[in-house]
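The figures here come from the full heavy-atom set of this structure, side chains too, leaving out hydrogens, waters and symmetry mates.
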Amino acid sequence: MTPKEVATRALRAARAPLDHARMRLAGYPPPFVHWDGPDAFYFDRAPELTPAWLRAADRICIGERELAGRGWVSPPIGLQDVRLRWE
């Protein structure tokens with residue numbers, strides 16, 4: 001472990017009894033902590049799924065990868081039988 005990890009764990013171990021006592025006394029979390037609720041879900045902002053995007057997703061799901069300047073690279077033989085179809 002790095003010295004930073006050791007210091008963090010030591011601080012958390014030293015602070016744990018205080019945190020447990022504060023939880024029992026209903027003083028935890030501190031009053032200045034306020035949560036406004038969740039942000040918009042990631043897929044709420046997703047672009048429209050085009051046929052080209054779905055074809056690329058299909059290729060990625062079977063293990064192929066697109067390399068800059070080389071195009072799509074196929075997986076080793078034996079993995080090509082696994083296919084996920086979006087149609």
* Nearest-0.5 Å distance that lies between atom CZ in Arg9 and atom NZ in Lys4 -> 13.5 Å
* **Heavy-atom check, side chain of Ile60 versus side chain of Arg65, under 4.5 Å** => yes
* Structure fact -> Note: Trp72 and Arg59 closest approach over all heavy atoms is CD1-NH1, 3.0 Å
